[in-house]
Amino acid sequence: MSKGFALSIDALLAIVIAAILIFTIAFLSGNAKESQYQNLIMKKQINDVLIVMDKTGEFASMNSTLINASITELFPSSYSWRLKMSYYNYSNGFELEDGFIIGNNQSASDETIESHREFITFSNSSVIYYGTAELVVWLR
Amino acid sequence: MKGVLITFCVLLLAVAMLYMTATIAMYSSQIKGTPTEMSAFERMNMEYDTVSYGINRILANEKVNITIHGRNITFESNLTNSNRYNIDIGRFRQFVTGFSSTNLSVNLTGMEQPAVFLKPHNTVIEYSTGKINFEPENNSLSSGKIEGYSLLFKINQQTPAFNWTNKTEVLPSDPNSLYIHVGLQGTNGTVYYTGYLNRDSYNKLSMVNATNHTIVVVTIYPTANLTINYNLDMYLKSIMRLNSSASAEMSENSINTSTIYGKKLGKVVVFEN
């Protein structure tokens with residue numbers, strides 16, 4: 001066998017290895033991109049739901065049935081979600097007055113996306129409650 | 001010679017491969033990083049919107065509710081000596097910074113004495129203790145855009161008398177005419193004035209009660225600058241008629257939302273047309 005032939009085999013092998021490396025990186029990169037953007041879309045959807053629920057006054061209603069029905073309607077059926085509502089009043093600091101948790105049960109293996117919004121409720125044109133809504137969403 | 005050539009080619013190819021690999025790795029890292037950054041911005045925007053909307057609601061419920069219907073801008077207020085508005089603004093700030101899911105800092109500069117700015121008419125409406133000022137910025141463009149004011153007062157006292165100390169009336173067709181309607185409802189009836197005043201002159205209306213005390217003073221300064229001074233609790237509905245539709249926002253960059261991801265400085269949009 002000539003020396004040139006050995007070198008050619010060597011070069012071919014290097015190219016094959018490099019090509020495998022490149023395709024592996026490209027494949028992993030493609031997967032990472034899809035997953036990250038899916039999470040971002042979910043995050044935007046959660047934020048939109050929280051903003052809508054605040055601005056339509058549903059959080060201020062403190063009505064768990066109404067809130068449950070609205071969120072179920074707003075999210076796609078492929079989503080599971082869990083919402084924790086807390087209502088605080090102010091007397092020498094913020095004190096928890098009322099709250100509830102609605103939605104689906106979540107398992108430890110679920111990969112979740114969450115968001116959070118603070119809001120206020122009024123009675124006779126004065127702030128009566130300061131509230132927080134914590135929404136967690138995951139794919140079924 | 002052939003071996004050297006092949007070795008050189010292999011070297012070139014290896015360099016090209018390394019370059020491509022490095023480029024792909026960097027691109028991949030950027031792609032992964034972008035959604036993370038966008039997610040952080042989403043969180044910051046959410047906090048900003050929370051603060052802006054909360055302040056807007058406190059302003060509307062406790063200080064002045066502003067609505068715009070075409071060219072008419074309505075300001076409705078229950079004017080009291082209560083400092084409930086300032087207390088609630090302070091507590092709301094304390095609440096959002098304390099209960100936020102992120103490390104949030106909110107600066108509400110100038111919120112204690114709110115000023116509303118009308119666009120594109122360059123007119124500022126300022127609310128301070130015992131005084132409301134509707135002020136077109138000092139140029140001919142802004143003052144000419146106000147066609148008139150309508151003021152409706154409701155007080156829980158005996159109806160006072162109207163006393164004009166300065167008044168320059170003009171015809172409605174006069175190019176300097178400013179439509180003025182002032183109505184007051186007290187416990188024993190109503191009083192009102194409707195007319196056209198010269199927007200470039202000084203006009204002053206005092207409302208004097210049965211014990212000869214002045215309870216409300218409406219002054220119109222050149223040019224079309226209206227000021228209301230009062231020293232009692234009352235309901236006031238003021239309507240400004242403009243020559244075109246407007247948007248209303250807080251006049252200062254009063255919200256400074258700062259998180260670990262960045263800062264967002266902005267105004268409270270009161271009413272967008």
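Throughout, a chain's letter reflects where its sequence line sits, starting with A, and its residues are numbered from 1.
- Using a distance-only test at 3.5 Å, with no hydrogens or angles considered, a donor-acceptor pair links the side chain of A:S61 to the main chain of A:N63.
- Checked by atom type, the side-chain pair B:E76/B:Y235 shows a donor-acceptor distance below 3.5 Å.
- In this structure, the side chain of A:S86 does not engage the main chain of A:G99 through any donor-acceptor pair within 3.5 Å.
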Audit row: B:I228, B:V217, side chain to side chain contact (heavy atoms under 4.5 Å, CB included) steps and yes/no: CA-CA 6 Å; B:I228 302 164; B:V217 178; over 6 Å; no

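- Taking the six-membered ring where tryptophan is involved, the planes of A:F94 and B:F99 are perpendicular, since the angle between them exceeds 60° and thus also 30°.
- Contacts between residues 41-49 of chain B and chain A, defined by a heavy-atom separation under 4.5 Å, are made by B:E42, B:R43, B:M46, B:E47, B:D49.
- For residues 51-62 of chain B, heavy-atom neighbours of chain A at less than 4.5 Å comprise B:Y53, B:G54, B:R57, B:I58, B:N61, B:E62, sorted by residue number.
- In this structure, chain B has no heavy atom under 4.5 Å from any part of A:N124.
- Residues A:N89 and A:E97 bring a donor and an acceptor atom of their side chains to less than 3.5 Å of each other.
- For chain A, the nearby parts of B:F92 are the backbone and the side chain; heavy atoms of each come within less than 4.5 Å.
- Rounded to the nearest 0.5 Å, atoms CD1 (A:I113) and CD (A:Q45) are 11.0 Å apart.
- With sequence neighbours excluded, the residues that form a salt bridge (Lys or Arg N to Asp or Glu O under 4.0 Å) with B:R84 are B:D88.
- Closest heavy-atom contact between B:S77 and B:Y127: OG-CE2, 3.8 Å.
- Per-residue counts of heavy-atom pairs under 4.5 Å with chain B were compared for A:I120, A:N47, A:I22; the largest is that of A:N47.
- Of the candidates A:Y130, A:Y87, A:F119, A:Y129, A:F119 is the only one forming a ring pair (Phe, Tyr, Trp, His ring centres under 6.0 Å) with A:F59.
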For residues 133-140 of chain A, dump all side-chain donor-acceptor pairs below 3.5 Å to protein atoms at least two apart in sequence or in another chain.
residue	atom	partner	partner atom	Å
A:W138	NE1	A:D110	OD2	3.2
A:R140	NE	A:S77	O	2.6

